[in-house]
Amino acid sequence: MPGTRGPVPVPVQNGDRDLTLQILEAVDENASVKTSETFPNASQTEVKAALDRLASRQMIEYETDDSEEVVLTGEGQQIVDEGSHEFKVWDAVRKAGRMSLKDQALATPSAKVGQGNAFKLKWIKKDGDSLIPLTDSVTDTTREVLQYVAEHRALQNPRDLKDLRKRTLVTTQKIITYDARKGPRWARDIPVEVTDLTADMLADGSWKTANFKPYNFKALGEQSQGVGALHPLNKVREEFRKIFFNLGFTEMPTGRFVDTGFWNFDALFVPQQHPARDMQDTFYVSDPPEAGPPGPDPEADAALNAMEEEDRDEEDSDPPTRPTQQPTKHLDYAQYYANVRATHQDGAFGSIGYRYPYNDAEPRRLVLRTHTTAVSTYCLHRLAANPRPAKYFSIDRVFRNETVDATHLAEFHQVEGVIADYGLTLGGLQGFLRRFFKKMGLVGLKFKPAYNPYTEPSMEVFAYHRGLGKLVEIGNSGMFRPEMLLAMGLPEDLRVYGFGLSLERPTMIKYGVNNIRELLGHKVDLGFIEGNAAVRLDKA
Amino acid sequence: MPTIGVNKAELYKELGKEYTRDDFDELCFEFGIELDEDTTGTEEPPQLKIEIPANRYDMLCFEGIAMNLNVFLGRQSMPNYTLKPPSNGQLLTVTVSEDTAKIRQYFSCAVLRNIKFTKARYESFIALQDKLHQNLARQRTLVAIGTHDLDTIEGPFTYEALPPDEIKFAPLNQTKEMTGTQMMEFYEKDKHLSRYLPIIRSSPVYPIIYDKNRTVLSMPPIINSNHSKITLDTKNVFIDITATDKTKLEIVNHIIVTMFSQYCEEPFTVEPVKIISDHNGETRETPDLTPRSTQASAAYINSVCGLSESRQTLCDLLKKMCYHAKPSTTDEDILDVDIPVTRADVLHQADIMEDAAIAYGFNNLPRHFPTTQAATAAALPINKLADIVRLESAMAGWAEVMPLILCSHDENYAWLNKSDDGKAVRLANPKTAEYQIVRTSLLPGLLKTIRENRRHAVPMKIFEVSDVAFKDAKAERRSRNERHFAACWYGKSAGFEQVHGLLDRIMLMLKSAFITREDGLKDPAVQGYWIEEVDDSTYLPGHAAAIYLQLAGGKAQQIGTFGMLHPTVLKHFELPFPASTLELNVEVFL
């Protein structure tokens, strides 16, 4: 809006006379002005604001002086006015000549203190059940010390401070005073200033003579930038995606929160009695009641075909960068199902199987996918139509019927990668993971043997965490079991790596978030979203 | 994964070495178990809590952990478990009645003779049964174990299935005799046993095991009889195992007898029992402790591990993992491998290969990055599209939020003044009312996010681009996801024109022109959108619009709505200020 950053008028008057002008006057008349003395009644914040206003224009200069002064408490002031407690007791006894210990005048707490002190000073003494004076004249030192404080706001002997403070007769308070004098651009009046360069000033040339208000280089700039923001978790997700793309991975079609027992479990050689399939761990769907038999997913196939097409150039006559495309085999889903069933129940493909009666209702149960590996399985089976090396990844939501706490939500994101190729080795998976995690600054990887129903070997991935000073688990990995791959119809020598981690955990470690609910879900603080720094996984 | 607590001093004694925490951690790491906790300082005697892989039933007790680690360390070789029939050659028999097929048809059995229990061994024996019941036996549904003092009972035995009222005995730690029906009532409130009752409760017959004098041994899978209970002084243990799963039946038998036969007078011997079960062809002697003989290819193991070790070296490695392996004399590539009965987890030569790799050391394997031919770096089309909308929204000054996908039925319907359209996927077993359905709209999540951020400065401008799900009878999964874009303006005034402006901006970025319905009809080749007032109960009447999109050459379709939220909706979500929202399907732009 025009006008808001135009010339600044002389500061408005406040009260009777403007403090800024008073300071200018005082500095004009004196070489050095002590504000506490010259303006004893002005508040310290007002004085500081006025001084800064002038100092920012270099009209004056000032120094700040911190000092402590001693002030009387209410009790201390009373002593200054009336004499010390011991003086008052002695005075009363002297006047009475003799005073009973039961006298009302001796009953107050201060009289009791005074009585004790007067004994110590040998001003009075006990005579039977009465008090009598021992002297006719005394010097009330306490009162004198406090009188000095009242006048000088300090102690004659600083060593008395501790004692007097303990007796709650004095306290101290901090005093800030300023010592002001003329500055390099001293002037008696504040000139009119402009805070910004305007189009009008450019047009009429007034910028040449304008007196620009000095810019405050110590303050933040304009804060209302009308900022939009991406969610921190999605920012981390984006970094992961870039890493995958750099390594030549294709993104899998994960658009199905609901999956079947077949794809989520059975096809992965997860036995039907496996604890992960408990109601305690997996969300089952009540409506719709049951899945259809395993078959092709046209939407997923369309997406995969489109992505593969993108990367294919028919006119490229250079030696092929991939094995020659073989004629695509028909995918027989009925056979696949029969293979999976046989592998579980009776054993097949070199495996003795789990040897339990396979229940055909289990693969038809609908679940909220517990892992995106359900989708990887679909993609790997699709590969059987034309077995070839492939790299797939996905990052998407998965569901677990967990009791919610600081580290568990019923939903989180799984980052998953799959590599299919001929002659893959276990050490190769380690080498790959070392390269993958290095891209997010995690080095010194160690691998621990682990159990997973659908990978063999299975390895938990650990990295050294500098902050925690120990190895922490950062992901899971393995080579898919032959029972799973051969049932799909993939050739024996095509081996497949799988690895995964949650998106939330590394994000929590990286940004020191202790509660997952502060990262995902409706309880996330919008301020956190707006203020979260850009994600640079490779920077420590 | 099961966690097993073992006496630290006893384990280290068994392993012949006083380990430091780091050294023991390292040993566990290499072997593939995990030291969860060392209770030194908080518990006497100090325990080590060790996490065991879910398929290693042979490590569910102290004896198994010690044995496997000692074999791994080369401190002992795998014991040779043998059967030792009674000296008179007369095996105990158990006759299985055909009626058991109605409820729990498989039976297995074994006897441990002249066993010497100590307090620690006895407790471990009980704890192992408990761990097996919980894990492999799936809370006793698949397999149940009963153990008895053989000197209190007398063979031959029978395994039968009888109506509950014809069964009567005093259950474990009770003196009063009860019928099967009475026991169901008696244990209904029992914290431990009540959860097993449903396994047989509604069956017309209950499984029951008798000795020759009709003394009850146990009523599986619920409880043993008090009469035959084992004590620290028990010398001869009779083990009954009943199951609905034949494979797991024998695994459980093998694990129990292999783990505890070491405490028999003649270690590692087990007395077999004859099961007579002709009706289902299960007549046999149990247990069968013969190792499973199989073959593994040295070339396969070397190839997957990236090694080129000799067959003998591989055999030596496998020895550390409890196998007995030797190079085949008839085939140059083959290893003849005997898998002990303890290793029920070994299904395929892949498992043998993994064990060879563990014995070699995962972290000693040659790590070289695989050269791979595949290199199609491609983003999923729907994610590419969604990213355009996300980035443009953020650049327009809106903040992205990520609420949950599961929500309550009310949040998705009643709170938005909508009635149930029957399109939402419902959950069968949520733990809380917060998760009843998969959302069909992004609005509840946005409004809940605003509610939780009420103290944030207004206006708040938030958006989300993510999936909702709908039932879809045609699909295999009977449902499908749909990518939506939604935004909400919340402030002192409703900001209807703000969400409208965001819509215009996003449409511009998606190359859709603002047209009228008439424009669209006139020129079907133009890609454009228009809005029309719509009657929608979520919004304030007269302040809601339907968004129509016409793709070039396609038919116009409604892709979403936006409007000023109805004050009752605001009230449902506890929002004191007005708000406007926008929601549309972005998949149409694919």
Side-chain angles (χ1 to χ4, degrees), chain A residues 226 228-231 233 245 248 250-251 253 255-259 273 279 283-288 291-292 295 303 306-307 310-311 322 350-352 355-356 389-391 397 410-411 421 424-428 430-432 435 446-449 451 456-457 481-482 520-523 526 529-530, chain B residues 29 32 53-55 138 245 247 304-306 347-348 350-351 354 357-358 362-363 365-370 372-381 394-400 402-406 425-429 431 435 438 445 448-449 452-453 456 467 469 471 476-479 481:
Chain A
L230 296 173
H231 193 283
L233 208 46
F245 292 139
T250 307
E251 193 164 31
R256 44 166 104 138
F257 294 147
V258 177
D259 218 315
Q273 306 81 7
M279 302 290 269
F283 283 115
Y284 286 91
V285 169
S286 60
D287 181 23
M307 286 185 288
E310 224 176 81
D311 203 43
R322 73 182 85 228
S351 172
I352 59 169
R355 293 153 289 142
Y356 66 89
K391 290 185 199 161
R397 205 79 63 104
E411 303 177 19
D421 211 332
L424 294 180
T425 69
L426 190 55
Q430 296 177 347
F432 172 79
R435 184 163 158 186
K446 291 276 239 172
F447 299 90
K448 175 172 166 285
Y451 167 63
E456 188 84 11
R481 289 194 73 100
L520 178 65
H522 54 268
K523 292 189 176 158
L526 271 181
I529 295 174
E530 290 159 347
Chain B
F29 196 97
N55 63 341
R138 310 298 305 131
D245 182 308
T247 307
V304 180
C305 297
L347 307 177
H348 190 275
D351 298 286
E354 181 189 56
I358 293 172
F362 272 13
N363 294 296
L365 292 172
R367 281 186 199 177
H368 50 79
F369 183 61
T372 164
Q373 297 282 318
T376 300
L380 192 66
M395 283 192 274
W398 297 64
E400 185 180 34
M402 285 179 98
L404 301 179
I405 284 158
L406 305 180
V425 171
R426 276 174 194 262
L427 305 188
N429 58 328
K431 287 196 174 113
Y435 311 129
V438 181
K448 285 195 283 179
T449 305
E452 298 296 326
N453 279 281
H456 189 275
D467 282 2
K471 293 201 298 195
E476 178 189 336
R477 293 155 188 87
R478 303 292 188 247
S479 63
N481 282 19

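A note on names: the letters A, B, ... follow the listed sequences, proteins ahead of strands, and every chain is numbered from 1. Both backbone and side-chain heavy atoms feed into the values below; hydrogens, waters and symmetry mates do not.
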Where on B/Met402 is there a heavy atom nearer than 4.5 Å to chain A: the side chain, the backbone, both, or neither?
both
So which residue, B/Val438, B/Val425, B/Asp245, B/Ile358, ends up with the most heavy-atom pairs under 4.5 Å with chain A?
B/Val425
Partners meeting side-chain hydrogen bond (donor to acceptor under 3.5 Å, both in side chains) with B/Glu400 (sequence neighbours left out):
A/Asn234, B/Arg390
Interchain contact, B/Val304 with chain A, by part (heavy-atom threshold 4.5 Å):
both
Could you have a look at A/Ala410, A/Pro253, A/Gly255 and say which one has the most heavy-atom pairs with chain B under 4.5 angstrom?
A/Gly255
Need one label for B/Asp467: side chain, backbone, both or neither, based on atoms under 4.5 Å from any heavy atom in chain A.
both
Pair A/Val258-B/Arg478, side chain to side chain contact (heavy atoms under 4.5 Å, CB included): steps then yes or no:
CA-CA 8 Å; A/Val258 177; B/Arg478 303 292 188 247; over 6 Å; no
Answer yes or no: is there a side-chain heavy-atom contact under 4.5 Å between A/Leu520 and B/Leu404?
yes
Option in A/Ile529, A/Asp259, A/Thr250, A/Asp287 with maximal non-hydrogen atom pairs under 4.5 Å from chain B
A/Asp287
Could you have a look at B/Glu452, B/Arg367, B/Arg477 and say which one has the most heavy-atom pairs with chain A under 4.5 angstrom?
B/Arg477
Pick from A/Leu526, A/Val285, A/Leu233: which one has the most heavy-atom pairs with chain B under 4.5 Å?
A/Leu526
Should the pair B/Asp351-A/Arg481 be classified as a salt bridge under the 4.0 Å nitrogen-to-oxygen rule?
yes
Show the nearest heavy-atom pair for residues B/Ala469 and A/Phe257, with the distance to one decimal.
CB-CD1, 4.4 Å
Among side-chain atoms of A/Glu530 and B/His456, is any donor-acceptor pair under 3.5 angstrom?
yes
Is any side-chain heavy atom of A/Tyr356 less than 4.5 Å from a side-chain heavy atom of B/Thr247?
no
Heavy-atom pairs under 4.5 Å with chain A, option from B/Thr449, B/Leu365, B/Leu380 with the top count:
B/Leu380
Is a side-chain donor or acceptor of B/Glu354 paired with a backbone partner of A/Glu456 at a separation under 3.5 angstrom?
no
Can you tell if the side chain of B/Leu427 reaches within under 4.5 Å of the side chain of A/Ser286, non-hydrogen atoms only?
no
Kindly indicate whether the side chain of A/Arg355, heavy atoms from C-beta on, has any atom under 4.5 Å from the side chain of B/Leu347.
yes
Look up atom CZ in A/Arg256 and atom CG in B/Asn481, then write down how far apart they are to the nearest 0.5 Å.
9.5 Å
Does A/Gln430 use its side chain to pair, donor to acceptor, with the backbone of B/Phe362 at less than 3.5 Å?
yes
Honestly, the part of B/Ala396 sitting under 4.5 Å from a heavy atom of chain A is neither
Going through the checks in order, is the side chain to side chain contact (heavy atoms under 4.5 Å, CB included) test met by B/Phe29 and A/Lys446?
CA-CA 9 Å; B/Phe29 196 97; A/Lys446 291 276 239 172; 3.7 Å; yes
Residue set satisfying ring-ring contact (aromatic ring centres under 6.0 Å, His included) with A/Phe447, at least two apart, ordered chain then number -> none
When heavy-atom pairs shorter than 4.5 Å are enumerated against chain A, which of B/Pro53, B/Ala399, B/Gly306 gives the highest number?
B/Ala399
Pick one of side chain, backbone, both or neither for B/Asn55, based on which atoms fall under 4.5 Å of a heavy atom in chain A.
both
Do any N or O atoms from the side chain of B/Asn429 and from the backbone of A/Met279 form a donor-acceptor pair under 3.5 angstrom?
yes
Please flag which part of B/Arg138 lies under 4.5 Å from any non-hydrogen atom of chain A: side chain, backbone, both or neither.
side chain
